[in-house]
Peer 1: 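Please find one structure pasted underneath; my questions will follow.
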Number of protein chains: 6
Amino acid sequence: MPYVNIKITREGNVTADQKAQLIKGATELLRDVLGKNPNTTVVVIDEVETENWGMGGLPIEEFRKLRK
Amino acid sequence: MPYVNIKITREGNVTADQKAQLIKGATELLRDVLGKNPNTTVVVIDEVETENWGMGGLPIEEFRKLRK
Amino acid sequence: MPYVNIKITREGNVTADQKAQLIKGATELLRDVLGKNPNTTVVVIDEVETENWGMGGLPIEEFRKLRK
Amino acid sequence: MPYVNIKITREGNVTADQKAQLIKGATELLRDVLGKNPNTTVVVIDEVETENWGMGGLPIEEFRKLRK
Amino acid sequence: MPYVNIKITREGNVTADQKAQLIKGATELLRDVLGKNPNTTVVVIDEVETENWGMGGLPIEEFRKLRK
Amino acid sequence: MPYVNIKITREGNVTADQKAQLIKGATELLRDVLGKNPNTTVVVIDEVETENWGMGGLPIEEFRKLRK
């Protein structure tokens with residue numbers, strides 16, 4: 001019955017198969033660590049435009065350039 | 001002054017009128033049960049791609065097929 | 001399969017029965033407007049300390065005094 | 001290390017520069033008030049369709065017309 | 001740089017060690033599936049009172065009794 | 001009419017006055033950058049136990065020790 005929300009930037013090429021792996025992995029993690037029932041575990045993935053994601057006070061793409 | 005967030009999958013044909021009904025219904029629920037002021041109640045609806053929604057460790061469309 | 005999150009301030013005396021009414025009402029709303037399955041609808045209520053809730057640029061209790 | 005989520009309606013013309021200002025401003029606010037480290041502060045902006053945003057029990061555009 | 005939010009009910013006895021396993025597992029999942037940098041992956045766990053969590057239109061503890 | 005959610009760890013000594021500064025600052029930021037109406041801007045602050053917050057695959061307090 002847990003609820004898991006995964007927020008990532010919308011970039012590269014996140015496939016339906018990779019999303020299925022995230023859903024499977026997060027659900028199994030809750031089952032393995034806390035014994036939660038997979039049938040009632042909900043996972044929601046949000047893909048966020050890179051210009052809408054900030055870190056270090058900068059849009060993420062500028063932040064990455066500075067970190068290099 | 002409550003804040004209500006409703007997350008549903010983006011599918012079928014959710015019309016602007018149905019969204020207006022969700023906003024009205026959620027706001028009235030908070031007024032009726034807790035006496036909250038409708039004028040300061042905020043409702044935000046998120047529509048999520050079906051491949052981004054998981055249940056039972058599977059993308060929701062696969063989960064539904066197994067449940068049939 | 002929808003997910004509903006209701007955020008309210010922790011104040012007055014919200015009883016377990018009132019919370020049950022919010023859960024029932026939100027679930028029925030999604031069933032009535034969009035035909036969503038109640039068995040897989042999740043509702044999570046968050047109660048927030050009044051000093052952690054702001055409106056009009058002020059903590060909510062100060063905002064209410066000004067509005068009177 | 002704080003996480004800030006800003007939800008606004010998708011309308012008018014929010015530019016990448018304005019989003020960068022929101023990211024910078026929110027990060028500096030946490031640094032100035034609480035001494036939080038900007039390098040680990042995350043800001044995520046969500047733009048929501050106007051028909052998905054409600055206030056006063058109405059979709060936001062109808063609510064605004066009544067308020068005028 | 002992903003952000004993961006895990007919501008579970010506050011019950012049983014979730015230890016600091018189990019929370020550490022959830023944080024580690026979620027971070028490794030994002031690294032393994034999408035190549036995300038663990039150093040900038042944030043995980044936040046919310047523990048919710050059982051009377052604040054609903055499923056099937058009922059508080060979760062009543063829902064579980066009916067399912068037995 | 002924006003909604004801002006600020007998540008921080010519950011530690012040190014965050015006073016009611018500091019929270020009021022966060023509410024004021026976030027509301028003014030939205031007004032200054034996007035012309036949003038302060039009267040309908042909502043700010044919610046969540047304080048999260050340190051053992052519930054992870055970064056770099058570790059609970060935040062362990063992560064900080066390694067970074068020193």
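Since this is a predicted model, take the numbers as computed values, not measurements. Order of the sequence lines fixes the chain letters, A, B, ..., with proteins taken first and strands second; residue numbering starts at 1 for each chain.
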Peer 1: If the contact rule is any heavy atom under 4.5 Å from chain C, which residues of residues 29-53 of chain E qualify, in numerical order?
Peer 2: E/Val48, E/Glu51, E/Asn52, E/Trp53

Peer 1: Just how far is it from atom OG1 of C/Thr27 to atom CE of E/Met55, taken to the nearest 0.5 Å?
Peer 2: 10.0 Å

Peer 1: Which residues satisfy the side chain to side chain donor-acceptor pair (under 3.5 Å) test with E/Glu11, sequence neighbours excluded?
Peer 2: E/Thr9, E/Arg64

Peer 1: Does C/Lys7 have more than 12 heavy atoms from other residues, nucleotides or ligands lying within 6.0 Å of its NZ?
Peer 2: yes

